[in-house]
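Just so it is clear, the values below take in all heavy atoms, side chains as well, and ignore hydrogens, waters and symmetry mates. Sequence positions, counted from 1, serve as the residue numbers for this chain.
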Amino acid sequence: MSRDANADNGMRPALIEAAARLIATEGAAGLKLRRVAEEVGTSTMAIYTYFGGMPELRRAVRQEGFARLATRAEQLGESDDPVADLAGLGLAYYQLAMSNPHLYRAMYMEQPLDATDAAAGSETFDVLVATTQRCIDSERFDTGDARELATQFWAVGHGAITLQMAQLLSPEEALNCLHGAVLNLFIAYGDDRDAARRSLTRSGRRAARLDPEAAPRRP
């Protein structure tokens with residue numbers, strides 16, 4: 001790519017991807033203006049042009065990751081099975097991590113710049129909470145604090161994802177772990193075992209329709 005390509009519409013996402021890759025492989029300390037520019041094949045001026053400086057670029061990396069996650073959640077939509085919808089959101093997190101590992105690391109495995117940066121993912125988490133509340137309202141889950149239950153569900157998913165990303169679990173092992181853990185979690189939340197199994201099957205089929213390449217290969 002030419003160093004005069006600052007006007008190229010692909011420059012901004014290319015800079016974000018390069019920054020995410022450096023953060024993921026070298027940590028935030030490895031994110032330098034010149035390094036990012038060299039990764040993309042442009043000048044450091046492009047970073048100022050599109051972001052205003054390095055802090056803004058770091059913010060843009062996390063914002064891009066959460067925007068992609070929000071898009072996946074919107075594609076899932078809502079069905080008449082809120083438990084399947086909740087499981088589908090968990091798959092959306094998994095699929096985002098596997099298809100965008102550098103972005104995922106920047107989103108969830110690096111310290112945010114400040115409170116505003118830390119709140120970048122609040123909207124996607126609120127979707128998780130709202131879907132958990134629908135499970136409670138439909139009486140699939142026992143009455144409880146939807147935010148607390150959603151946090152537990154989120155933490156289970158993140159744990160399996162990070163173990164796979166660290167190559168401590170194979171993809172098959174991570175998916176088996178997630179399937180079993182989520183099933184047990186839903187039952188602990190009050191759902192019927194057979195109903196929970198059916199909902200997990202529905203969520204997997206929907207994921208396959210939306211993203212055949214990223215969908216988990218489970219029966």
Taking all non-hydrogen atoms of both residues, which atom of [X] and which atom of [Y] are closest, and how far apart?
X	Y	value
S138	P82	OG-CG, 3.5 Å
R140	A196	NH2-N, 3.9 Å
R62	P112	NH1-CB, 4.0 Å
S203	A87	OG-CB, 3.5 Å
R206	G77	NH1-O, 4.0 Å
A19	V61	CB-CG2, 3.7 Å

**Message:** I want to check something: taking the side chain as every heavy atom from C-beta on, are T44 and E38 in contact at a cut-off of under 4.5 Å?
**Reply:** no

**Asked** Going through the checks in order, is the side chain to side chain contact (heavy atoms under 4.5 Å, CB included) test met by F51 and R12?
**Response** CA-CA 8 Å; F51 304 100; R12 190 177 192 279; 3.6 Å; yes

Do the side chains of [X] and [Y] join up, straight or via other hydrophobic residues, at under 4.5 Å, putting them in one cluster?
X	Y	value
V156	L89	yes
M11	I47	yes
I161	L163	no
V83	L185	yes

Roughly how far, to the nearest 0.5 Å, is the [atom2] atom of [Y] from the [atom1] atom of [X]?
X	Y	atom1	atom2	value
L15	T42	CG	OG1	6.5 Å
T201	R197	OG1	CZ	8.5 Å
L69	Q95	CG	CD	10.5 Å
T124	M107	OG1	CE	6.5 Å
D191	R198	CG	CZ	9.0 Å

Taking only residues two or more places apart in sequence, or in another chain, which ones meet [X] in a side chain to side chain contact (heavy atoms under 4.5 Å, CB included)?
X	answer
T143	none
P101	M165
E173	L169, S170

**Asked** What's in the same ILVMFWY side-chain cluster as L113, cut-off under 4.5 Å, chained through other members?
**Response** none

**Fill in**
Here the ring pair (Phe, Tyr, Trp, His ring centres under 6.0 Å) pairs for residues 116-139, sequence neighbours left out, are F125-W154

**Request:** With sequence neighbours left out, write down each residue that passes ring pair (Phe, Tyr, Trp, His ring centres under 6.0 Å) with F153, or none if nothing qualifies.
**Result:** F186

**Message:** The criterion is ring pair (Phe, Tyr, Trp, His ring centres under 6.0 Å); which residues satisfy it with H158, sequence neighbours excluded?
**Reply:** Y104, Y108

**Asked** Counting only N and O atoms by type, is there a donor-acceptor contact under 3.5 Å from the side chain of Y93 to the main-chain atoms of G157?
**Response** no

**Request:** For D114, check salt bridge (charged side-chain N to carboxylate O under 4.0 Å, His left out) against everything at least two apart and list the hits.
**Result:** R59

**Message:** Which residues pass the salt bridge (charged side-chain N to carboxylate O under 4.0 Å, His left out) test with D145, not counting sequence neighbours?
**Reply:** none

**Prompt:** Counting heavy atoms not belonging to Q152, are there more than 12 under 6.0 Å from its CD?
**Reply:** yes

**Within 6.0 Å of CG in D194, more than 12 heavy atoms from elsewhere** = yes

When the side chains of residues 127-137 are checked against the rest of the protein, which donor-acceptor pairs come out under 3.5 Å, sequence neighbours left out?
| from | atom 1 | to | atom 2 | distance (Å) |
| --- | --- | --- | --- | --- |
| T131 | OG1 | V127 | O | 2.8 |
| T132 | OG1 | L128 | O | 2.8 |
| Q133 | NE2 | D137 | OD1 | 2.9 |
| R134 | NH1 | D85 | OD2 | 3.0 |
| R134 | NH2 | S79 | O | 2.9 |
| R134 | NH2 | D85 | OD2 | 3.1 |

**Fill in**
Contacts of R68 meeting side chain to side chain donor-acceptor pair (under 3.5 Å) (sequence neighbours excluded), chain-then-number -> E17, E64, N100

Show me the donor-acceptor pairs, under 3.5 Å and distance only, between side chains in residues 22-34 and residues at least two apart or in other chains.
| from | atom 1 | to | atom 2 | distance (Å) |
| --- | --- | --- | --- | --- |
| T25 | OG1 | R21 | O | 2.7 |
| E26 | OE1 | R35 | NH1 | 3.1 |
| E26 | OE2 | R35 | NH2 | 2.8 |

